[in-house]
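First comes the structure, then the notes that go with it.
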Amino acid sequence: MNQYTRMIVVLLIFSVLSGAVLAFSYELANPKIQEQAQKNLEASIKNVLPGITKYEQVEKEGLTFYIGLDDQGNKKGIAFKATGQGFGGPIEMMVGYDPKEGKLTGLQILSMAETPGLGARIQEPTFTDQFKGKSVNDPFEPKKDVQVITGATISPAGVASGIKSALEKVTKIYPVGGDY
Amino acid sequence: MGEYRFLISSSPHIHSGESVQRIMFSVAGALLLPTIAGVYFFGYRALILVVTTTLAAVLTEAIFQKLRGKPVTVWDGSAIVTGMLLALNLPPGLPLWMAVVGSVISIALGKMIYGGLGTNPFNPALVGRVFLTVTFPVQMTTWINPVDGTTGATPLALMKMQGIPTDYVRLFIGNVGGCIGETSAIAILLGGLYLIYRGYVDWRIPASYLGTVAVLSFILGGDPIFHLLAGGLMLGAFFMATDMVTTPVTKLGRIIFGIGAGIFVVLIRFYGGYPEGVSFSILLMNAFTPIINRLTVPRIYGEVKTR
Amino acid sequence: MKELLLIIAGSVLVNNFVLSRFLGECPFLGVSKKLETAISMGFATTFVLTMTSVATYFIQFYILEPFGLSRFLQIVSFILVIASLVQLVEMVILKTSPALYKALGIYLPLITTNCAVLGLALLIAIKRYNLIQSIAFGLGAGIGFTLAMALMAGIREEMEFGDVPEALRGVAIVLITAGLLSMAFLGFSGLIPM
Amino acid sequence: MASVMLVSLLSMGGLSLLLGAGLAYASKKFAVETDPRVDAINEVLPGANCGACGYPGCSGLAGAIVEGKAPVNACLVGGPAVAKKISEIMGVSDTGASVERKIARVLCQGGKTEAKLKAEYYGVKSCRAASMVNGGPKGCPFGCIGFGDCAKVCPVGAITMSENGLPVIDEEKCTGCGLCAKECPKFVITLTSVKNEVHVRCRATLKAKDTRDVCKVGCIACKQCEKACPFDAIHVVNNVAIIDYEKCRNCMKCVEKCPTKAITSAFAKRKKAVINDNCIGCTICAKNCPVNAISGEVKKKHEVNEELCIGCSICAEKCPKNAIAMVRGECDIKTGSFSACSVVK
Amino acid sequence: MLKTFSGGIHPPYNKELTKHKPVEKAKLPQKVIIPMSQHVGAPCEPVVKVGDYVKVGQKIGEAKAFVSAPIHASVSGKVVAVEPRPHASGAPVMSVVIESDGMDEVYEGVKPPKSLDELTPDEIKNLIRDAGIVGMGGAGFPTQVKLSPPPGKTIDTIIVNGAECEPYLTADHRLMVERPDDVVLGLRAIMKATGVKRAYIGIEDNKPDAIEAMKEAVKGFNGIEVVPLATKYPQGGEKQLIYAITGREVPSGGLPMDVHVIVDNAGTCAAIANVLKTGMPLIERITTVTGAGVKEPKNLLVRIGTPVEELIEQCGGFNGEPGKVIMGGPMMGISQAQLEVPVMKGTSGVLVLQKSEVKTNEPMPCIRCARCVDACPIRLLPTYLGKFAERGMWDEAERYHALDCIECGCCAYVCPANIPLTQLIRLAKNRILASKKK
Amino acid sequence: MYQLVKDFFNGLWNENPTFKMIIGMCPTLAVTTAAMNGIAMGLATTFVLVFSSLLISLLRNFIPAKVRIPCYIIVIATFVTVVDLFMAGYFPAMYKILGLYIPLIVVNCIIMARAEAFASKVTPMRAIADALGMGLGFTWAITLIGAVRELMGSGTLFGFPVFGENVTRWVIMLLPPGAFITMGVLLGIMNLLTRRGVKNTQCH
Ligand SMILES: Cc1cc2nc3c(=O)[nH]c(=O)nc-3n(C[C@H](O)[C@H](O)[C@H](O)COP(=O)(O)O)c2cc1C
Ligand SMILES: Cc1cc2nc3c(=O)[nH]c(=O)nc-3n(C[C@H](O)[C@H](O)[C@H](O)COP(=O)(O)O)c2cc1C
Ligand SMILES: Cc1cc2nc3c(=O)[nH]c(=O)nc-3n(C[C@H](O)[C@H](O)[C@H](O)COP(=O)(O)O)c2cc1C
Ligand SMILES: Cc1cc2nc3c(=O)[nH]c(=O)nc-3n(C[C@H](O)[C@H](O)[C@H](O)CO)c2cc1C
Ligand code: SF4
Ligand code: SF4
Ligand code: SF4
Ligand code: SF4
Ligand code: FES
C-alpha cells in the first residue's frame, strides 16, 4: 500500500469506527436524555402550578402552553415560558398563570447567567415567591411592586419585564376571567 | 594637599535635589484637601476610614518586605498615597474590615508582587477599590447622604436609573452622596492644580481625560458639566490617572491615555451596567500603557529613516 | 449592521474569550512573553477562528442537523474539520509564502488544539447564528483574543524590570495579572445585552 | 436505530475520506524541504502544542532548537526524557572529554583588606561601569574592582564574591566557558588548564614601588621566583612574573619564595614521590631529582626525603620500572601505604 | 522667543563665582606633565628623551596619523621622564615630564606667519595642524581635520560655540569679553580655510557683556552674525546648537558636516588667532578654577601640563573639606582621584565641590515619572535605556538608540530616584560598541 | 509493577498537569466555582484520558505518523462524546454546570500531551497507570481550586455551609478574576512547597 492510501484508509477506519461507537452510545443515552428533559419540564410546570398532577401541551399562535390539570381533570392554570434580559444574558423562566383569577401562580427560573451571589439570587424562593398571587394587571416595576435584590437591580428588572411582556401576549390569548 | 580621598563618580556631578519621597509626600499633602472635604461632609467616620486604610497599606508593605527579607522602604511615602487614595475611593459607611481587605489587596496584589514601587502595571489603589466593588457590591454601593446621614443614591446613579440631575453648585462644593474623596470638586481641583504647578502631575492627562469625557457626553446627549463634576472623575483625572508608575512615559502617550480613559468612562456610564466607570477606565488604560509606550517612542533628534 | 457590531464588541469587551469565557488560556499564558509574538499569534488565531466559524456553520446547519447527527457527531466532526483545515492552510502558506509562514504559519498547529476554536464552533451551534453573524462572532472572538494577548504581552515585557518574588515567577504572576486584567474588563459587564 | 447508524457511518466515512484525501493531496503537492532534525525533534516532542515553552507550538520549538535559539530542555511537558532524546538528535552531549578541561582563574588577590583605594566610588555597581570612571576606585589600575560582573554573567553560578570583595571560583562547577573572562573589564580572569596549580595572581605592570604603594600582595618584580624555579618556567616580564605553563611542573618552589605571596598554590595538595618495591636501585631518579630529595645505594631500594621533595614528578617519569608514584595529601610515605590518598598519574 | 531646542534643564549656573574676574596669567609651573594623548584620535609619539633640553613651543610629540595633532613643550627645561603618568581618564598615559628652568625660553622655530590675507586655505590648515590645535570645547577633535571635509561634503555655515552652557565655567565667557577680536580673527581664518561665507556666533543670553563685545567685534565683517540663545543646558551641545541656530538636525550617527556645518569653540578660534599673530602653537589655555571648594575662584591662563594641584594652590588652596575634584564642568566633567593630573588642551575648568555638597544618595526604584524623558535633548527614553543597561539587555538598548545619547547628564540630573542614568547609558554604549567591533 | 506505581504517582505530584506542567487551564479556571464541579470535571477527564490512552497505546504500531494527530483526535473526541452523552442522560444537574467544557475536554492539552508523549510509546498497562495518575492529579488539583473558590465565594464546601448563613461572601471568587487569582496564588504556594522540597533533597 502506498503511504497516502494507507493514511486515508487508517483515517477512514478510525472515523467509521468512531461513528459506529457514537451512534450506538447515542441510541443508549438518548432516551435517558429525553426523559430527563421531560422530567425537568414537568417538574417546573408542577412547581409553578401548585396542585396539579398532569398537564396538556397546547400550541397557540406560535406559543406553547401547558395547561395544568388536577386529579379530577379540572383545569388549574396555564404555564408558559418567558424570557427576560438580565445582567449577564437572557433569563429563561416558567410562569404559572391562573386566568380565572387573573393572577400568577408561580415562577421558576429555568436558566440564566447572572452573577453568582448577586443577580443569581433571583432563583431563590425569597425572590420568586413574591410573584405568587400577583395580579397580571400590576405594573411590574422594580422597587415599586417588585422587590429587588440589594446591589443587583438589573436582574430582577429583567425578570419583571420578561414576565410583563410575555403576559401582554398571553392575556390576549387567554384573557382574564375567560375560559381555556 | 594630597591627603584627601576624593569621591569619583560618573557625570553629572550635580543633581536637581528632587526625590521620590518629596514627590510622594507632596501628593499626600495635596490629598489632604479632598480628605478634609470628605471629613467635613461625612464626619469622623470618614477620617477613621482614611487612617485605617493608610495604616493598613503601610503595614502590609512593611510586612511583605520583611517576609521577603528585603529592606523596608515604607518611608518613600508611596504606600501612604495608595492608602489615602483607596479610602478616598470608598463609601464612607464601608465596614472597616473591608477597607483593610482593600488595603491589603492594593498593596499585596496591586504592587508588591510585582516587586514594589515603580514596577506595578496597575494602579494599586484602584486594584483595591475595584476588588472591593466586585467582591462586596452591596456594601460598596451603599451611599450615605451628607445632608441627613441617611443612605441614598449617588448623583450618577440617580441620573442613570431615574434620569434625575443634581445641581452643579452642590456637585462643585460636594455635599452629595458618594465616595469620601470624590464629593468636592473644588477641593480636588485645588489639590490637583497645586501638583501641576509643582510639576508632579502632567497636565496632559487630566486635560485630555476631562476633555474627552466632556466632548463625548455632549455628543451623546448628556450634560457635559454634570458628567465632569459627578462621580469620581475629578479625583481620578487629577490623582489616579496621573500616577506616573502606571501611565505612559511619553507626552503623546499621556494624551492617548487620557483620551482612552475618557472613552471608556463614557462607554460605561452611558451604556454599561455600572453607573460609574472611572476606576475601570483607568485600570483598563493601565493595561494599555506598555503598548502605548511602545508605540509612541518619540522620533529622536536626527533620526534617520531606515528602509 | 448594528447587530453585527454588537456581536463583535460583545465578544471583544464583554465576553472576551480569554478573560471572561476561559477559552484559549494555554496560548494566552504561554505565548504572551513578547509583544510581537503575541500579536502574530493573535492574528493567526483570528484567521483560524473566522475560518472555523464558516466551516462549522455549514457542517452544523447543512450536514449535522438535517441528518439528526448533531447530538453525537458534533464534536468529532468539528474537531476533525478544524484540524484538517488548519493543517491544509499551514501547508499552503508554507509553500506559497515563506514570509507569511514565518509570521503566522508557525502558530497554526498550536491553534488546532486550542479550546477557543472548538469553543467557538460549539457556541455558534448553540447560539444558532446565521452565516454573517457567525463570521462576526469568529472575528470578534479573534480580536478579543488578540487584544488580551497583546495587553498581557505588553505588561509581561515591563514585568521583566520588576523584582517579582521567586515563588510567583513564571506562570503564577501571569495568572494573577490576568486576574487583575479580567477584573478591569468586568467594567464592561452589562455593557451590551448578549 | 439502523438508520441512525447508517447515516452516521456514511457521513463520518465521507468526511474522513474527503479530508484524508485532501490532506494527502496537499502534503504531496505542497511538500517542503525542511531540516531533517526539525522533523526528528518534532517526532520526539509531545505534540501537545500547548505553547508552555513560549514558542508557538511544538514545531516552533523544534525550529528554535535546531537554530540554537532554545535549549534542548525547553519542553516542560516532555520533561527530562524528551530533553535527552533531543540532545541526542542535536548531537550535544557532555562527552567532550578529549579536550583538556580549562577553568577560570582569578589573577588578583587585592581585596578590600590588601589593596588601597585611590578614591571613593559612587555610581552603578558594576565593574565595567566603575572602570569607566577614572579606571575605578582601586589604587591599582590592574586590580579587581570587585562588583562581581563576572559572578553575574556566569551561567552555572560558579563564581561567588568573597567577603573581601574578590571572586571565588568553584572549580567543580566551572565549565570553562570563558564568559567571565570576557566580561571582566580589568582582564583579571583567565582560563588555564585544570592541571596548572601554581598561579601568579597579579597582573600589575607598575614599578615595584608603585605596586607596593597600592597593594600588599602585588608582584613587585623581585625575581626571587625566577631564581627559585628549577625548570626555568617563571620570568619577570614588564614588572610582573609570568609562568610558562609548558615548563611549569607545579613544584611550588616559587610560591615558597615569593615575598608578597603574589604566587599561590594549594600547598596541602602538593604531591610527593613515593617509591615502592619495584625499585631496582638504578639511581636514575636520584640523578634527575632537581632538589636532591632521593637517596639510596645502587641496586638498593631508593628513598624520598619527604621534606625536600617538591612533587615535580620528574623521577616518576624517568623511572624505567614504574616504581615511583606521585601522591597527594598527607600520608605515610615511609611505609608506602597511601590507600587513603589519591595517586596522581 | 530666543532660539533653543527641545528638552534640556535649568541647573543652577553658579557663574557669579568667576564671571567678572579677568583672566589672570598663572604662575609658571615647576614641572609640567604633558600627556601624549590629549585629543580624539591616535596618540602622539614622544620625540624627546629623558635628559633632553626643550624650549617653549618645541614639538615633543609627533602626530603620525591623520586624525591626530602634534604636542609641544609648554615650558623650557629638561625632560625628566617619558613614562605613563596619571591622566584625567584614570588610566596611566604615556607622558613627557619637563622640569621648568624658569627661563621660559621660546623655541627658535616659533615665528609669526604671513598675514591672514596672504595665506592660502591650505597654508592655514597646515598652520593649524602644526600648532597642534584641537577642539577646546571638551571633546578635543583635531581642528584641522574638521576643516578638511572629505570630497563630496560641502560646508556652508560655521558656528562658533560661545554658549558655555555648563554651570560654573566662565573661560569662554571671559575670553569673549576680553579678546573678542581674537575670536573673530580665528573665525575668519576658519572661514577662509573652508571658503565659507556665513558664520554665526551663538552665545547664551546670560552673558550679555559677551554678546555686546562680540557684536562690536564682528562689525565690519560680512556674513558673521552674533546669535543670542536661550539659557538652557545643554545649549552648547553641538547638535542642540546647530538645531537652535540653523533648524537643521544632524542625522543619527552623523557629523555636523552632514548638514553642512562646522562647529568650533570660541577658545579654539582664539587659539588659531594666536598662531596667526605669534606663530606660537597651542601651549596654554584659559581654565576656570572654581567651586565652593576653592578659596578664591579664578580664570587662569594656564600652561598645558600644569598639575591641577598647582592651580588649586594658586587659588588659595581648598576651602573646607573637598569632596570632589572635577576636570570640566559639573554636568560632563570627569571626577579625579589624584591631584597630579595635568591640565590638557580641552580642560576648560577645574571644579572643586565641598564634601557637604557631594550627595551620594542610594538610588531608589524608577517611578517612571518621565522627567528624564522630558529632559533628554535627544528625545531618548533614558528610563528604558537605564533598565536595559541594568539587565544587560544591550540589543534592546541599541534598538532604543542608546548610541545617540550625548551623555549630557540631563536625565540623571532630574531623576528623583537618583538613578545614575547617564552612567548606565554610557555602560550600554560601551557594550554595544564592543560587540560591534567583534 | 514498581514502574506502574511510579507512572501513576508521577501525575499526582511530580508532573502534576495543573500545578507543574500548567496545561489544561481552560477547564481548570472555568468550572472551579465549586469543589464538586472539580471532582466531576476531573473524573470525566480521567475517564477520557484512561480510555484514549489505552486505545492509542494498543494501536500505537498501526497508526501511520502522518495521520497520527487526526487519529488521536478522533479517538479522544469519541470518548468525550460518550461522556457528554451519558452525563447529559444520567447527571443532568452537573451537566448543566459543566456545559460547554465537557466537549472541550477534546482540546484539553493534557490528553493530547499524554497521548503523544506517553501512550503512543509504552505498553497499555503503563499507559493506563500514567493516564490514571494524570487524571487524578488533575482532579485533585481542580477540586482544591474549586474548594477554595467555593469556600470564599459561597461560604460552603461541597455545598455544605461552613461559615453559617450570614457571612459576607466574596463574590469575586466566583467570577473570572477570582479564578485567575486563586490559581495564581495556589501556584505560588505550590512553588514554595516544591522549592523547599528541593532544598531538603539537596541536603541529603
Ligand atoms: C461583578 C459584578 C456583577 C454584577 N452582577 C449583577 C447581576 O448579576 N445582576 C444585577 O442586577 N446586578 C449586578 N451587578 C450590579 C450592577 O452592576 C449594578 O451596580 C446594580 O444593578 C445597581 O443596583 P442598585 O441600584 O441596587 O445598586 C453586578 C456588579 C458587579 C460588580
Ligand atoms: C490644565 C492645563 C492645560 C494646559 N494646556 C496647555 C496647552 O493646551 N498648551 C500648552 O502649550 N500649554 C498648556 N498648559 C501649560 C503647561 O503647563 C506648560 O506650560 C507646558 O506644558 C510646558 O511644555 P513642555 O512640557 O513641552 O515643556 C496647560 C496647563 C494646564 C494646567
Ligand atoms: C552636552 C554637551 C554640552 C556641551 N557644551 C558645550 C559648551 O557649552 N561650549 C562648547 O564650546 N562646547 C560644548 N560642547 C562641545 C560641543 O558639542 C562641540 O564639541 C564643540 O563646540 C566643538 O567645538 P571644538 O571642536 O572647538 O571644541 C558640549 C557638548 C555636549 C555633548
Ligand atoms: C501624581 C501621583 C499620583 C499617584 N496616584 C496614585 C494612585 O492613584 N494610586 C496609588 O495606589 N498610588 C498612587 N501614587 C503613588 C505611587 O505612585 C503608587 O503607589 C505606585 O503605583 C506604587 O508603585 C501616586 C503618586 C503620584 C506621584
Ligand atoms: S574579576 Fe573582574 S569582573 Fe570579576 S569582580 Fe573583579 S573586576 Fe569585576
Ligand atoms: S563564567 Fe564560565 S569560565 Fe567563568 S567561572 Fe563561570 S563557568 Fe567558569
Ligand atoms: S527620571 Fe528617574 S524615576 Fe523618573 S522615569 Fe526617569 S529614571 Fe525613572
Ligand atoms: S545623557 Fe543621554 S539619555 Fe540622558 S538626557 Fe543626555 S542625551 Fe538623553
Ligand atoms: S485548555 Fe489549553 S487552550 Fe484551553
Side-chain angles (χ1 to χ4, degrees), chain A residues 4 7-8 10-38 83-92 110-120 122 142 148-149 151-162 165, chain C residues 3 6-7 9-11 13-17 19-23 59-60 63-88 91 112 118-119 122-124 126-129 133 137 140 182-183 185-194:
Chain A
Y4 295 109
M7 250 171 74
I8 296 172
V10 171
L11 204 57
L12 184 66
I13 297 175
F14 267 84
S15 338
V16 170
L17 280 182
S18 146
V21 169
L22 287 180
F24 183 70
S25 319
Y26 177 64
E27 294 297 331
L28 270 183
N30 193 33
K32 197 75 194 163
I33 296 173
Q34 300 304 334
E35 191 186 309
Q36 281 294 350
Q38 193 56 36
T83 310
Q85 185 58 50
F87 183 83
I91 303 170
E92 290 245 354
L110 298 178
S111 76
M112 51 109 231
E114 305 306 280
T115 317
L118 267 182
I122 52 171
V148 298
I149 294 163
T153 334
I154 296 166
S155 317
V159 172
S161 71
S165 62
Chain C
E3 185 209 351
L6 281 185
I7 290 182
S11 47
L13 300 177
V14 187
N15 284 313
N16 186 286
F17 259 38
L19 295 174
S20 40
R21 276 198 195 272
F22 300 115
L23 292 169
I59 295 180
Q60 175 70 21
I63 300 180
L64 295 179
E65 289 199 358
F67 294 106
L69 305 171
S70 109
R71 189 65 191 87
F72 63 100
L73 284 189
Q74 201 182 38
I75 302 175
V76 180
S77 49
F78 280 179
I79 190 80
L80 202 60
V81 169
I82 295 168
S84 315
L85 262 182
V86 171
Q87 209 169 334
L88 249 163
M91 282 192 259
T112 324
L118 187 61
L122 296 170
L123 280 171
I124 285 174
I126 292 173
K127 290 183 180 266
R128 314 202 59 74
Y129 281 145
Q133 288 171 325
F137 187 48
S182 107
M183 201 164 85
F185 268 69
L186 275 187
F188 295 120
S189 50
L191 189 62
I192 294 152
M194 288 288 290

- Note on the structure: Tightest non-hydrogen contact, residues A:G19 and C:L73, listed as CA-CD2, 4.4 Å
- Answer with side chain, backbone, both or neither: which region of A:I33 has an atom nearer than 4.5 Å to a non-hydrogen atom of chain C? side chain
- Roughly how far apart are C:S77 OG and A:L22 CG, rounded to 0.5 Å? 9.5 Å
